[in-house]
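Reminder, nothing fancy here: chain letters follow the sequence lines and each chain counts from 1.
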Amino acid sequence: MSETPATTPKNFIFEAVEEDLRTGRFSYVRTRFPPEPNGYLHIGHAKAICIDFGVAEAFGGECNLRFDDTNPVKEDVEYVEAIKEDIRWLGFDWGDREYYASDYFEQLYEFALLLIQKGKAYVDDLSPEQIREYRGTLTEPGKESPYRNRSVEENLDLFRRMRNGEFPEGSRVLRAKIDMTSGNLNMRDPVMYRIIHRPHHRTGDRWHIYPMYDFAHGQCDSIEGVTHSLCDLAYEDHRPLYDWFLDELGIFHSRQIEFARLNLSYTILSKRYLKELVENGYVSGWDDPRMPTLRGLRRRGYTPEAIRNFIEQVGVAKNENLIDIALLEHAVRDDLNLRALRVMGVLDPVRVVILNYPEGQVEELEAINNPEDPAAGTRKVPFSREIYIERDDFREVPPPKYFRLAPGREVRLRYGYIIKCVNVVKNDQTGEIEEIHCTYDPQTRGGYAPDGRKVQGTIHWVSIPHALDAEVRMYDRLFTVPNPSKVEDGKTFLDYLNPNSLRILSGCKVEPSLTKARPGDHYQFERKGFFCVDPDSSADHLVFNLTVPLRDTWAKIEVKQKGD
RNA sequence: UGGGGCGUGGUGCAAUGGCAGCACACCAGACUUUGGAUCUGUGGAUCUUGGUUCGAGUCCGAGCGCCCCAGCCA
């Protein structure tokens with residue numbers, strides 16, 4: 001294997017894998033990404049995906065996709081396709097290695113039989129409540145079940161009949177016979193199989209018993225020849241059990257390594273909570289652009305590259321973490337800055353009339369599509385006597401350091417002319433500014449001042465007769481606190497929902513080149529932010545989602561001024 | 001009074017006994033036809049405490065703090 005230290009991320013997992021190869025514990029590398037098909041993938045999963053596929057790739061190995069479908073009560077095919085789609089979108093390929101834990105049900109059953117024969121597993125008739133009581137507590141040892149010492153023959157017979165569906169749900173389970181006094185609760189005779197009379201999305205009604213995670217995962221890894229089974233810290237306590245099953249069965253022994261899951265500030269990454277948001281209508285669905293799901297991020301305008309870069313920057317360790325969402329936002333700005341075409345869009349329009357500009361005249365001005373990418377070329381933008389500008393780009397009483405338009409002041413219209421405000425027309429009743437009257441300097445076409453005079457401010461604009469109407473959905477973080485999963489007593493994460501996480505702007509005006517915008521296209525509205533065309537968008541009703549705003553230095557200055 | 005894990009600037013990750021570094025954030029400045037981008041710079045960290053060592057974030061002892069585990073969920 002060739003060394004690529006510059007591109008190979010260095011973390012404790014890579015080091016462990018490297019060591020395993022060096023010491024000969026394994027001669028190849030194979031990992032797996034094991035989603036349960038009971039929900040949609042979120043950015044936390046993206047971390048796991050990047051690690052699972054990344055480790056395999058770095059060592060010339062492969063990563064299997066294996067659906068962990070051992071519980072027909074919770075799982076559904078609906079999620080399988082969505083999960084595959086999201087992984088592909090993120091940019092990973094599992095080739096033809098698409099597996100299901102349910103593919104191995106027969107083999108797992110044989111494994112169970114083997115353990116029963118070895119006297120290492122037994123059928124228990126205790127009720128779920130009794131099992132809990134017998135388990136003991138964190139500080140007190142458990143008690144052995146009265147059914148623990150059944151004969152091998154009786155266990156075999158009972159277990160076969162469990163499989164045949166002869167017993168009601170909850171009446172019996174198969175348990176491993178380990179140690180009811182272990183300090184690790186997972187070792188106190190864990191349940192291996194439970195009875196569930198429910199059709200499975202892949203095996204139909206063939207089974208009446210289903211293996212628990214602990215009895216399935218390690219053996220599936222083993223069957224697939226997975227060398228490194230990378231998972232969440234939560235499974236650290238399960239590793240002794242993972243190892244125990246593999247050792248007792250005497251089969252290929254994968255190595256489980258745990259790392260800390262991703263936590264993101266101002267959001268939640270718990271499947272249960274996300275589901276609650278969707279089901280109770282706090283968001284419009286799993287793909288709501290405010291959701292940290294991959295579908296949500298995609299619709300919001302995040303790119304796979306941005307997400308992968310973000311994950312790489314976050315690193316891999318075992319520390320509990322809360323990643324600043326600003327890092328994610330930085331990653332997407334960084335990526336979009338290089339590729340998004342620039343356009344002009346006025347979100348909160350106010351009319352400007354250029355008094356000395358000939359009525360009916362239209363000029364096609366040249367605008368650069370992307371200053372970061374000369375290959376993106378230029379386009380023509382129509383200019384006329386009446387234009388829209390951003391309401392906030394005009395102040396009757398300009399505060400200090402305000403560079404934009406104000407009575408008697410000049411400002412440059414991007415790629416247009418330098419204009420000067422000469423008058424303001426206000427609504428008699430409301431006092432709201434309805435129209436701003438300006439004059440333009442014909443010598444400044446394109447925005448250049450031949451006399452070399454400095455014009456500090458440059459603002460965006462859209463020609464009124466040529467403007468396209470658009471709806472713009474402005475998104476903000478979903479929660480008002482950095483860590484919504486850690487709440488005050490008596491409150492829930494729902495109490496911290498940001499009421500302003502979505503603001504719909506309906507009267508927006510955008511330049512005519514946007515007629516060719518298609519759902520999924522990324523744009524930068526100059527001076528405002530990166531936007532993405534929503535799937536709801538159509539030719540006669542453009543809809544844009546704010547992906548992330550541009551850094552806004554003026555907003556900072558203004559906040560500071562107000563604080564003084 | 002059980003078992004497992006983790007403690008490095010505001011956040012995250014490095015430093016594998018030898019000058020505590022990188023990214024994001026923050027602050028200041030330069031540049032600017034996006035108050036964007038870019039560039040430069042400042043400030044700021046090894047949980048505590050003893051020890052080993054020429055030298056400790058790293059090794060050893062003691063303590064403290066935080067997280068996870070009592071599903072027939074994964």
- Ring center gap for Phe383(A) and Tyr417(A) short of 6.0 angstrom: yes
- With the side chain defined as heavy atoms from C-beta on, Glu236(A) is closest, among G12(B), G4(B), G36(B), to G4(B)
- OP1 or OP2 of C24(B) less than 4.0 angstrom from a side-chain nitrogen or oxygen of His330(A), does that happen here? yes
- Query: With rounding to whole Å, what would you report as the distance between G17(B) and U58(B) at their C1' atoms?
  - Reply: 7 Å
- Query: Looking only at N and O atoms, is any donor in the side chain of Glu140(A) or the base of U1(B) less than 3.5 Å from an acceptor on the other one?
  - Reply: no
- Report the nucleotide, chosen from U34(B), C67(B), A14(B), that has the shortest atom-to-atom distance to any side-chain atom of Ala317(A). A14(B)
- Query: Looking at CG of Leu126(A) and NZ of Lys143(A), how far apart are the two atoms once the value is rounded to the nearest 0.5 Å?
  - Reply: 9.0 Å
- Task: Taking only the side-chain heavy atoms of Glu75(A) (C-beta and beyond), determine which of U34(B), U11(B), A74(B) contains the nearest atom.
- Result: A74(B)
- Quick one: CD on Glu236(A) to NZ on Lys318(A), what's the gap to the nearest 0.5 Å? 3.5 Å
- Task: For RNA chain B, determine which residues of residues 182-201 of chain A have any heavy atom closer than 4.0 angstrom to one of its atoms, and list them numerically.
- Result: Gly183(A), Asn184(A), Leu185(A), Val191(A), Arg194(A)
- Base, sugar-phosphate alone, or nothing: which one does Thr70(A) contact when heavy atoms must sit under 4.0 Å apart? sugar-phosphate
- Message: Tell me whether the side-chain N or O atoms of Asp237(A) pair up with the base of G3(B) as donor and acceptor below 3.5 Å, since no angle test is needed here.
- Response: yes
- Message: Centroid distance below 5.5 Å plus an interplanar angle below 30 degrees: do Tyr213(A) and A74(B) meet both conditions?
- Response: no
- Between Arg404(A) and G35(B), is there a side-chain N or O to OP1/OP2 distance below 4.0 Å? no
- Task: Indicate, yes or no, whether a donor-acceptor pair under 3.5 Å links the base of G36(B) to the side chain of Glu372(A).
- Result: yes
- Give the C-alpha distance, both sets of side-chain angles, the deciding distance and a yes or no for side chain to side chain donor-acceptor pair (under 3.5 Å) between Ser229(A) and Arg32(A). CA-CA 7 Å; Ser229(A) 189; Arg32(A) 105 270 87 120; 3.1 Å; yes
- Selected nucleotide, minimal atom distance to Phe403(A) side chain, candidates G35(B), U1(B), C13(B): G35(B)
- Among the candidates G35(B), G71(B), C73(B), find the nucleotide nearest to the side-chain atoms of Arg132(A). G71(B)
- Item | Nearest-Å distance once atom C1' is located in both C27(B) and G10(B) | 13 Å
- Compare the minimum distances between each of C73(B), C72(B), G35(B) and the side chain of Glu36(A), then state the nucleotide with the smallest one. C73(B)
- Is any N or O donor-acceptor pair between the side chain of Arg551(A) and the base of G35(B) shorter than 3.5 Å? no
- Message: Within 90° of 0 counts as syn, otherwise anti: where does G63(B) fall?
- Response: anti
- Message: Does the Lys NZ or Arg CZ of Arg163(A) fall within the cation-pi geometry relative to Tyr109(A) - under 6.0 Å from the ring centre and within 45° of the axis?
- Response: yes
- Query: In terms of side-chain heavy atoms of Leu550(A), which of A74(B), C13(B), U34(B) is nearest?
  - Reply: U34(B)
- When Arg412(A), Lys420(A), Arg453(A) are each screened for salt bridge (charged side-chain N to carboxylate O under 4.0 Å, His left out) with Asp441(A), the one that passes is Arg453(A)
- Message: Of the listed nucleotides (G35(B), C24(B), C6(B)), which one gets closest to any side-chain atom of Leu327(A)?
- Response: C24(B)
- Query: According to a strict under-4.0 Å criterion, is Asn337(A) in side-chain N/O contact with OP1 or OP2 of A37(B)?
  - Reply: no
- Message: Categorize Pro371(A) for me: base, sugar-phosphate, or nothing, with a 4.0 angstrom heavy-atom threshold over every strand shown.
- Response: base
- Closest of C26(B), G71(B), A74(B) to the Arg135(A) side chain is G71(B)
- Query: Of the candidate nucleotides A23(B), A70(B), G12(B), which contains the atom at the shortest distance from the side chain of Gln313(A)?
  - Reply: A23(B)
- Task: Report yes if the distance between the aromatic ring centroids of Tyr147(A) and Tyr134(A) is under 6.0 Å, otherwise no.
- Result: no
- Note on the structure: Any stem touching RNA chain B, meaning at least three consecutive Watson-Crick or G-U pairs under 3.5 Å, ordered by first number, would be B:2-7 with B:64-69, B:10-13 with B:21-24, B:27-30 with B:38-41, B:47-51 with B:59-63
- Taking atom P in both C59(B) and A14(B), compute the distance separating them and give it to the nearest angstrom. 15 Å
- Query: Should the pair Tyr523(A) and Phe544(A) be assigned to parallel (<30°), tilted (30 to 60°) or perpendicular (>60°) ring geometry?
  - Reply: perpendicular
- Query: How are the rings of Phe531(A) and Phe525(A) set relative to one another: parallel (under 30°), tilted (30 to 60°) or perpendicular (over 60°)?
  - Reply: parallel
